Amino acid sequence: MNSLLRNVGIMAHIDAGKTTATERILFYTGVNNRIGEVDDGAATMDWMEEEKERGITITAASTTCSWKGHRINIIDTPGHIDFTIEVGRSLRVLDGAIALFSGVEGVEPQSETVWRQADRYGVPRIAFVNKMDRPGADFSHCVNMIRDMLKANPVALHIPVFSDGEFAGVVDVLKGKALFFNNDKFGLEYSVTEIPEGLQEETRLAKIRIMESLAEVDDGFMESYLEGIDIEESEIKRVIRKGTLDGNILPVLCGSAFKNKCIQPLLDAIVDYLPSPIDVSPYKYWTEEGEERFFQGNREEPFSGLVFKIMNDPYVGHLAYVRVYSGELKTGDTVLNCPKSKTERIGRILILHANKREEVKKVEAGNICAIVGLKGVSTGDTLCNPDMYTAFEAIEIPSPVVSCAIAPRKKDDLKKVWLVFNKYTVEDPSLNVRLDSETGEVILSGMGELHLEIIMDRAKREHNLDMISSPPQVAYRETITKTVTSVGKYIKQSGGHGQYGHVVLQVSPVEGAEYVFENKIIGGAIPREYISSVETGIKETLEKGVILGYPLVNIKIELLDGSYHEVDSSELAFKLAASLGLKDAVKKANPVILEPIMKVDINVPNDCLGPVIGDVSSRRGRIAELGERNGFKSIASYIPLEEMFGYTTHLRSATQGRGYFNMEFFHYAPVPRYIYENLMKNREKTVTEVLYG
């Protein structure tokens with residue numbers, strides 16, 4: 001039954017212990033008979049060689065386990081900002097999430113990023129403060145940071161217990177008991193005792209805070225509490241669950257995954273407080289006519305599902321990860337891929353456990369599975385019953401911000417490069433590969449230096465492709481700043497049948513969209529069959545750019561007028577005319593080059609603050625806010641990506657290895673004039689070298 005199912009993700013800042021916590025969950029639920037450690041490269045969920053080498057999670061891994069009669073599907077997501085799409089597309093299909101925080105660092109920059117992603121999709125959360133065994137761990141301070149920095153309403157259900165300075169267990173505030181874990185038994189055995197005398201008053205006050213928070217989210221509970229009625233634990237848990245699902249309560253637990261302490265209470269909290277698929281239904285979708293409808297998520301409804309991840313598996317081939325929202329899916333079924341308007345037949349259906357798999361004959365609403373062999377699907381595609389068109393909200397794909405030119409060491413491998421890297425772009429839509437038509441270079445674009453480095457490593461390891469690459473470059477954009485009208489004509493007479501295309505275009509700046517195309521032709525000045533060719537010519541020009549070859553964005557193109565020739569007009573002629581017209585219009589419309597501006601959170605010791613602030617200013621950075629975090633000074637700033645290459649090494653040097661930073665894409669902004677001129681010079685130099693050697 002759906003009520004006994006939990007689809008949850010674990011999200012956190014890098015190195016907060018997500019994968020370690022997942023390993024313990026798999027051990028205590030009986031999936032694994034041993035505990036794999038990240039540092040040893042033996043973690044079940046970090047199965048890629050690149051993950052084992054670096055000790056970080058790169059790709060979201062899915063697994064399933066059981067606890068107290070409930071089935072739990074878990075997705076362990078990356079913490080590094082370069083792989084933010086893995087977090088976003090996982091949260092899009094999950095019903096609940098575990099927000100993991102380090103008991104020492106508390107709320108870190110990437111914690112805030114993933115929190116905002118969860119807010120965007122309205123995902124209910126519980127919190128687990130990990131690493132309570134570390135020196136400097138402070139549970140209360142972490143709870144306060146959650147309240148102040150994430151604007152949540154944390155309700156502490158645990159109080160940490162220390163014995164001889166070592167983290168020994170927790171007080172379960174609701175039960176009024178202490179849980180002490182045995183260090184010698186992998187945490188499998190723990191004792192339930194009375195609350196230590198020194199913690200009884202703190203427990204009493206914590207219980208009062210819980211009850212007061214719950215009274216604010218449930219009127220019936222408030223009446224019972226104010227009347228002094230003794231409320232049973234089951235009723236308290238019911239209201240905690242209600243508040244969690246509504247987003248008004250954040251239950252907070254604590255423990256140490258590495259020391260095998262308090263993972264069982266975390267599993268209990270997943271079952272008790274996070275939603276089942278039934279709790280988060282109905283699911284909104286759109287019909288072919290654009291009408292808004294809802295599925296209840298029942299097995300009896302027509303099938304619908306969302307493809308949230310594509311992966312090329314070396315053993316079974318093309319894998320499409322699918323969240324089933326309604327109905328059931330069986331092997332042999334025919335489904336409609338709505339965005340592509342294509343039908344596909346379902347071959348094998350797999351339930352995944354990291355890189356291992358179990359074949360099943362069918363899956364029902366609420367489940368997550370992988371389908372083998374779907375050829376035409378992409379991330380964000382809706383699959384549905386062919387008789388009932390269904391379109392779910394698409395997954396937001398971030399734009400690449402870093403690029404480098406790549407080439408195989410062996411010229412014969414060039415075709416292989418295209419095949420391999422295009423496969424990777426299907427798996428990871430935040431990655432892009434294209435051919436620069438002027439320089440002839442293959443350009444690889446991604447979310448950061450680490451992102452590109454790992455893709456290159458994978459190409460070498462998985463496909464024996466030895467590559468050379470240029471240093472990472474910024475992925476600039478072009479746009480315009482004023483409205484102009486332009487004429488595009490393509491006329492060619494070479495005896496006999498000629499070519500004729502004529503368009504009148506108006507271009508203007510537009511916010512919030514890559515581009516907008518509007519056909520305003522009245523009276524058949526251009527036949528309808530040529531309008532699509534005009535749009536194709538415009539799209540191709542937008543991709544290649546006009547000024548420096550960077551993609552054109554934030555532009556509206558209106559097709560106002562034109563003319564045609566009954567004999568000589570063709571689709572090619574109108575495509576070329578549109579391209580010529582757009583290029584002419586852009587050159588007249590005060591074009592500018594846009595650069596990505598990054599939001600950079602820097603944390604440094606107090607004695608390093610001045611030099612670091614000065615360095616930010618020298619990098620064309622703007623300081624937005626100064627604060628304190630875990631005894632360090634925190635600097636919230638906005639810095640152009642161009643200035644951030646190699647910053648890790650510089651910051652370590654400037655702070656004797658104590659400083660650290662986190663950055664994420666913020667927005668695009670026009671480059672200063674001197675950088676624009678430098679880009680023009682470099683472009684001319686590159687083209688000259690290609691043409692004349």
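This is a predicted model, so every value here is computed, not measured.
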| query | Can you name the residues that form a salt bridge (charged side-chain N to carboxylate O under 4.0 Å, His left out) with Glu558, not counting sequence neighbours? | reply | Lys520
| said: Using the rule side chain to side chain contact (heavy atoms under 4.5 Å, CB included), only one of Thr425, Ile406, Val420, Leu431 pairs with Ile455; which is it? | reply: Leu431
| said: Applying salt bridge (charged side-chain N to carboxylate O under 4.0 Å, His left out), can you list everything that pairs with Lys482, at least two apart in sequence or on another chain? | reply: none
| message | My understanding is that only one of Thr379, Val322, Thr382 makes a side chain to side chain contact (heavy atoms under 4.5 Å, CB included) with Leu306; could you say which? | response | Thr382
| query | So do the side chains of Val503 and Val487 get within less than 4.5 Å of each other, counting heavy atoms only? | reply | no
| request: Rounded to the nearest 0.5 Å, what's the gap from CG on Asn603 to CG on Leu651? Could you check? | output: 9.0 Å
| task | Using a cut-off of 6.0 Å, state whether more than 12 heavy atoms not belonging to Glu518 lie near its atom CD. | result | yes
| With Arg620 via salt bridge (charged side-chain N to carboxylate O under 4.0 Å, His left out) - residues at least two apart | Glu595, Glu643
| Heavy-atom side-chain contact between Phe517 and Lys539 under 4.5 Å | no
| said: If I take atom CG from residue Leu505 and atom CG from residue Asp561, how far apart are they, to the nearest 0.5 angstrom? | reply: 10.5 Å
| Checking side-chain contact (heavy atoms from CB on, under 4.5 Å) for the pair Tyr550/Leu679: CA distance, chi angles, key distance, verdict? | CA-CA 11 Å; Tyr550 301 116; Leu679 289 170; 4.1 Å; yes
| message | For a 4.5 angstrom cut-off between non-hydrogen side-chain atoms, does Ser469 reach Met456? | response | yes
| request: Output all residues satisfying side chain to side chain contact (heavy atoms under 4.5 Å, CB included) with Ser617, sequence neighbours left out; order by chain, then residue number. | output: none
| field | Step-by-step side-chain contact (heavy atoms from CB on, under 4.5 Å) determination, Ser532 to Glu535 | value | CA-CA 5 Å; Ser532 62; Glu535 187 170 6; 5.6 Å; no
| What pair of heavy atoms forms the shortest contact from Phe666 to Lys599, and how long is it? | CB-N, 3.9 Å
| request: Report, as yes or no, whether the 6.0 Å neighbourhood of atom CZ on Arg409 holds more than 12 heavy atoms from other residues, nucleotides or ligands. | output: yes
| said: Checking Lys556 against Tyr515 for the side-chain contact (heavy atoms from CB on, under 4.5 Å) test, could you report, in this order, the C-alpha distance in whole Å, the side-chain angles of both residues, the deciding distance, and whether it holds? | reply: CA-CA 6 Å; Lys556 180 178 181 180; Tyr515 85 98; over 6 Å; no
| task | Quick one: list whatever passes side chain to side chain contact (heavy atoms under 4.5 Å, CB included) with Ala407, sequence neighbours left out. | result | Ile468
| field | Point-to-point distance, once rounded to the nearest 0.5 Å, from CG of Asn590 to OG1 of Thr481 | value | 4.0 Å
| message | To the closest 0.5 Å, what do you measure between CG (Leu319) and CD1 (Ile371)? | response | 10.0 Å
| said: Going by the rule side-chain hydrogen bond (donor to acceptor under 3.5 Å, both in side chains), which residues pair with Tyr500 if we only count those two or more places apart in sequence or in a different chain? | reply: Ser563
| message | Could you report the tightest heavy-atom contact between Asn554 and Leu594, atom names first, then the distance? | response | ND2-CD1, 4.2 Å
| request: Please tell me if the side chains of Tyr424 and Leu444 come closer than 4.5 Å, counting only heavy atoms from C-beta onward. | output: no
| Partner residues of Asn337 under the side-chain hydrogen bond (donor to acceptor under 3.5 Å, both in side chains) criterion, sequence neighbours left out | Asp381
Under 3.5 Å, sequence neighbours excluded: what are the donor-acceptor pairs made by side chains of residues 572-584?
unit_1 : atom_1 : unit_2 : atom_2 : d
Lys575 : NZ     : Glu540 : OE1    : 3.3
Lys575 : NZ     : Glu540 : OE2    : 3.2
Ser579 : OG     : Thr541 : OG1    : 2.9
Asp584 : OD2    : Ser486 : OG     : 2.5
Asp584 : OD2    : Lys588 : NZ     : 3.0

| Shortest non-hydrogen contact from Val616 to Ser637? | CG1-CB, 4.1 Å
| request: Would you mind telling me which of Val516, Ile480, Ile538 makes a side chain to side chain contact (heavy atoms under 4.5 Å, CB included) with Ile555? | output: Ile480
| Ion pair Lys423/Glu462, N-O distance below 4.0 Å | no
| query | Above 12 or not: heavy atoms from other molecules or residues under 6.0 Å from NZ of Lys460? | reply | no
| query | Glu478 side chain to Pro591 main-chain N or O, any donor-acceptor pair under 3.5 Å? | reply | no
| task | Just jot down the side-chain hydrogen bond (donor to acceptor under 3.5 Å, both in side chains) partners of His650, sequence neighbours excluded, or say none. | result | Asp615
| query | Do Ile368 and Phe308 have side-chain heavy atoms sitting under 4.5 Å apart? | reply | yes
| Are Ile526 and Leu559 close enough, and set up right, to give a side-chain contact (heavy atoms from CB on, under 4.5 Å), and what steps lead you there? | CA-CA 10 Å; Ile526 298 176; Leu559 177 59; 4.2 Å; yes
| Looking at NE2 of His667 and CD1 of Ile597, how far apart are the two atoms once the value is rounded to the nearest 0.5 Å? | 5.0 Å
| query | What residues, two or more places apart in sequence or in another chain, satisfy ring-ring contact (aromatic ring centres under 6.0 Å, His included) together with Tyr668? | reply | Phe665
| Taking the side chain as C-beta and beyond, is there a heavy-atom pair between Glu642 and Tyr476 under 4.5 Å? | yes
| task | For Val377 and Val426, work out which heavy atoms get closest and say how close. | result | O-CG1, 4.5 Å
| task | Please identify each residue that fulfils side-chain hydrogen bond (donor to acceptor under 3.5 Å, both in side chains) with Ser570, with sequence neighbours left out. | result | Gln499
| Side chains of Phe392 and Arg323: does their closest heavy-atom pair fall under 4.5 Å? | no
| said: Main chain of Pro408, side chain of Lys416: is a donor-acceptor contact present, judged purely on distance under 3.5 Å? | reply: no
| note | When rounded to the nearest 0.5 Å, the distance separating CZ of Arg345 from CG of Leu374 is 11.5 Å
| said: List the residues meeting salt bridge (charged side-chain N to carboxylate O under 4.0 Å, His left out) with Glu677, not counting sequence neighbours, and say none if there are none. | reply: Arg673
| task | For residues Trp418 and Arg434, report the shortest heavy-atom separation together with the two atoms involved. | result | CH2-C, 3.6 Å
| Is Val592 close to Val671 at the side-chain level, that is, under 4.5 Å between some pair of heavy atoms? | no
| field | Closest non-hydrogen atom pair, Trp286 against Glu393 | value | CZ3-N, 3.7 Å
